[in-house]
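In what follows, a single structure is set out as structure tokens and then discussed.
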Amino acid sequence: MTPAFIGLGANLANPLLQLRQAVQALACLPDSRLLACSPLYQSSPMGPADQPDYLNAVVALETTLAPHALLDELQHIEQQQGRVRTGERWGPRSLDLDLLLHGQQVLQDARLTLPHYGLAQRAFVLLPLADLAPELVLPCGTPLAELVARCDTSGLHRLSLSLMLEESE
């Protein structure tokens, strides 16, 4: 099994519900096991300012799926939850699932870049990732803690809400 980390984000169509449903779907991925979900964060949008704030989190899983097969599964979950790809970069969306890391694999092709191309600059990815794996060292040899120490956390707020649904819900 290979450890993998998935970034989750949403700012449309009841973002909290979108992220909770995504976590449920990730827990059902074939040949994979959901290990943990970070705390939830609220972040200012990266793109156009005339959109709602985002809710973000990171999940850790173990998988035997190859990176592209896992990417296909993530895109299928997005589509099942109403994600429409408009071509607008960093625009509002009902759900965004990003494959951040797949073990220590380094990959760059037309469909996928590993580690995720924006991982090192995005506080809304770095902080929840550090909540799950504070001792993580990226494939390039950089400790995650070093990136977290350098990142700008303005516009990012940790929330007390959980993405994990309780048995009674």
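Everything numeric here is computed off the predicted structure, so don't read it as measured data.
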From T142 atom OG1 to L119 atom CG, the distance as rounded to the nearest 0.5 Å
10.5 Å
Just how far is it from atom CD of Q75 to atom CG of L70, taken to the nearest 0.5 Å?
10.5 Å
What's the shortest heavy-atom distance between A13 and S94, and which atoms?
CB-CB, 4.2 Å
For the CZ atom of R33 and the OG1 atom of T63, what is their distance to the nearest 0.5 Å?
11.5 Å
Evaluation steps, side chain to side chain contact (heavy atoms under 4.5 Å, CB included), between V23 and V59
CA-CA 8 Å; V23 169; V59 300; 4.1 Å; yes
Between CG of N56 and CZ of R158, what distance do you get to the nearest 0.5 Å?
13.5 Å
Could you tell me whether the side chain of L138 reaches within less than 4.5 Å of the side chain of L147, counting heavy atoms only?
yes
When you group the ILVMFWY residues by side-chain heavy-atom contacts below 4.5 Å and let the links chain together, are L61 and L107 in the same group?
yes
Report yes if some heavy atom in the side chain of P45 is under 4.5 Å from a heavy atom in the side chain of Y54; otherwise report no.
yes
Distance col, row H157:NE2 vs S44:OG, nearest 0.5 angstrom, shows 6.5 Å
Is F124 reachable from L136 through a run of hydrophobic residues whose side-chain heavy atoms are each under 4.5 Å from the next?
yes
Nearest heavy-atom pair of H116 and L99: which atoms, and what distance?
CB-O, 3.6 Å
Please check if atom CD in Q105 has more than 12 non-hydrogen atoms from other residues, nucleotides or ligands closer than 6.0 Å.
yes
Do L65 and S32 have side chains that approach each other closer than 4.5 Å (heavy atoms only, starting at C-beta)?
yes
Please find the pair of heavy atoms, one from P67 and one from L114, that lie closest to each other, and give the distance.
CB-CD1, 3.8 Å
Going by heavy atoms in the side chains, are L71 and R111 under 4.5 Å from each other?
yes
Under 4.5 Å between any side-chain heavy atoms of P139 and L101, yes or no?
yes
Return the CG to CD distance between N14 and Q21, rounded to the nearest 0.5 Å.
8.0 Å
Answer with yes or no whether the hydrophobic clustering places V148 together with L129; edges join I, L, V, M, F, W, Y residues whose side-chain heavy atoms lie under 4.5 Å apart.
yes
Using the rule that two of Ile, Leu, Val, Met, Phe, Trp, Tyr join whenever any of their side-chain heavy atoms come within less than 4.5 Å, decide whether L127 and M46 are in one cluster.
yes
Do L34 and E62 have side-chain heavy atoms sitting under 4.5 Å apart?
no
Please find the pair of heavy atoms, one from L100 and one from V125, that lie closest to each other, and give the distance.
CD1-CG1, 3.6 Å
Are any non-hydrogen side-chain atoms of R93 and Q18 less than 4.5 angstrom apart?
no
Determine, for R122 against D152, whether the closest basic-nitrogen to carboxylate-oxygen distance falls under 4.0 angstrom.
no
Shared hydrophobic cluster for L159 and L8 (ILVMFWY, side-chain gaps under 4.5 Å):
yes
Mind checking whether V137 and L144 have side chains closer than 4.5 Å, heavy atoms only?
no
Verdict with reasoning, L156 to S154, per side chain to side chain contact (heavy atoms under 4.5 Å, CB included):
CA-CA 5 Å; L156 185 68; S154 60; over 6 Å; no
Short side-chain donor-acceptor distance under 3.5 Å, D53 and Y41
no
Would you check, one step at a time, whether the test side chain to side chain contact (heavy atoms under 4.5 Å, CB included) holds for L29 with I77?
CA-CA 10 Å; L29 283 176; I77 292 169; 4.0 Å; yes
For the backbone of A123 and the side chain of T153, can you confirm whether one donor and one acceptor N or O come within less than 3.5 Å of each other?
no
List the steps and the verdict of side chain to side chain contact (heavy atoms under 4.5 Å, CB included) for D109 and H68.
CA-CA 10 Å; D109 65 28; H68 286 96; 2.7 Å; yes
Could you report the tightest heavy-atom contact between N11 and Q51, atom names first, then the distance?
ND2-OE1, 2.9 Å
Shortest non-hydrogen contact between L132 and V58, atoms and distance
CD1-O, 3.2 Å
